[in-house]
Protein chains: 2
Amino acid sequence: MTARPPSEQTLELAAFVPFRLNRLAAGVSEHLAVVYQRRFGLDIPQWRVVATVGPQQACTAQSIAASTRMHKTRVSRAIAELEARQLVERASSAEDRREREIRLTKAGRRIYGELVPLALAREAALLECLSPEQLCGFLGALDTLERYLHLEN
Amino acid sequence: MTARPPSEQTLELAAFVPFRLNRLAAGVSEHLAVVYQRRFGLDIPQWRVVATVGPQQACTAQSIAASTRMHKTRVSRAIAELEARQLVERASSAEDRREREIRLTKAGRRIYGELVPLALAREAALLECLSPEQLCGFLGALDTLERYLHLEN
DNA sequence: CCCATACGGTTGCGCGCGCAACCATTTGTG
DNA sequence: CACAAATGGTTGCGCGCGCAACCGTATGGG
């Protein structure tokens, strides 16, 4: 009983939220890339690993995979690269010798210490252009959508 | 004159907006994939091409690239695939024979007619879980951030 | 105690993407 | 009018990713 047949419906990609989200996420990533890529030679997976290991004393590959929602192979390769550059080190866990405990090296901690403030500043600059109501609604919407899609870590 | 050295700052990836945006965009894409992928065998670039050509009578590869912000090679390959499946057709433009005018075939228009309502419904379902204030702030923030990052089509 | 199963992690492979180079055509300039 | 430069579009190549298969270790059931 709709007035118009479905074929008359149209879709403007530029107004379609899923598309806009993809584009925005790519834009924000690019906006952020200068701090970890151009400056420290890290790509996104490597930066995520460093950011995840950073606050902790040690963690395993799969705990990183779980909290970053990256595929375990992507995590594995990022760690291997970081180890080759001596930014992290791996040691077999004593209680479960399948696991390998991952820690930042001294050089890794130095990069982490430099990188985090820059990344946070870049995030803050981004959010500063929003009005308080926009910011509030935006962050709330992020929460709600993450729960709706079961993305919470 | 900060009280704490920068190395004490820490970063929780799960609370870091650029990361959350990437994750959310991926989640929304996956949530949407069922309608164009599983049902019609289109991937994202192909779906974007169809969605862009759909409302128009004809358009060129680079106008698609501009409005979708996809790389021109990605557009080129998506179109080639769609042509092989006879969902679009190409004809050399009369006034500029470098250009190729792209149109949906009858089959392409049929898929477009089926696909658009499903995609819009899926988008609506997603946004329905937001409160009115969240929705308003979210959409406003999208606008603002797009302008800030110069992403508007 | 043994063996099947599960689990942490790595690796070979195929695929899709972006870069750069390329072809064909058009436009601008002397 | 000719030729250089720019433009629309396609293609060869290298790279990073996910899938599936794999290795080594741990665990549970007979």
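Lettering of chains follows the sequences in order, A, B, ..., and the numbering in each one begins at 1.
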Criterion side-chain contact (heavy atoms from CB on, under 4.5 Å) on Y112(B) and T10(A), from CA distance to verdict = CA-CA 9 Å; Y112(B) 182 79; T10(A) 194; 3.2 Å; yes
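Checked for salt-bridge contact, E152(A) and R147(A) miss the test: no charged N lies under 4.0 Å from a carboxylate O. Note on R97(A) versus E99(A): no salt bridge recorded, every NZ/NE/NH1/NH2 to OD/OE distance being 4.0 Å or above. With respect to E83(B) and R90(B), a salt bridge is recorded, a charged nitrogen being found less than 4.0 Å from a carboxylate O.
Listed by first and then second residue, the salt bridge (Lys or Arg N to Asp or Glu O under 4.0 Å) pairs that reach into residues 27-45 of chain B are R39(B)-E114(B), sequence neighbours excluded.
From the 5' end on, the contacts that DNA chain D makes with chain B at under 4.0 Å to a non-hydrogen atom open and close at dA6(D) to dG12(D).
Within residues 32-57 of chain B, no residue has any heavy atom under 4.0 Å from DNA chain D. Residues of residues 63-74 of chain A having a heavy atom closer than 4.0 Å to DNA chain D, listed by number: H71(A), T73(A), R74(A). Residues from residues 80-101 of chain B placing a heavy atom under 4.0 Å of any atom in DNA chain D, listed by number, are R90(B), R98(B), E99(B), R100(B).
More than 12 non-hydrogen atoms from other residues, nucleotides or ligands lie less than 6.0 angstrom from CD of Q56(A).
Q134(B) and T144(A) are linked by a side-chain donor-acceptor pair at a separation below 3.5 angstrom, with hydrogens and angles left out of the test.
Map R77(A) and I102(A) each onto its nearest nucleotide of DNA chain C; the residue landing nearer the 5' end is I102(A).
One distance of note links CD of Q46(A) with CG of L87(A); it measures 8.5 Å at 0.5 Å rounding.
Taking the ring pair (Phe, Tyr, Trp, His ring centres under 6.0 Å) definition, one finds that F16(A) meets it with nothing, sequence neighbours left out.
The side-chain contact (heavy atoms from CB on, under 4.5 Å) test with R48(A) singles out one residue from V75(A), T68(A), I64(A), and that residue is T68(A).
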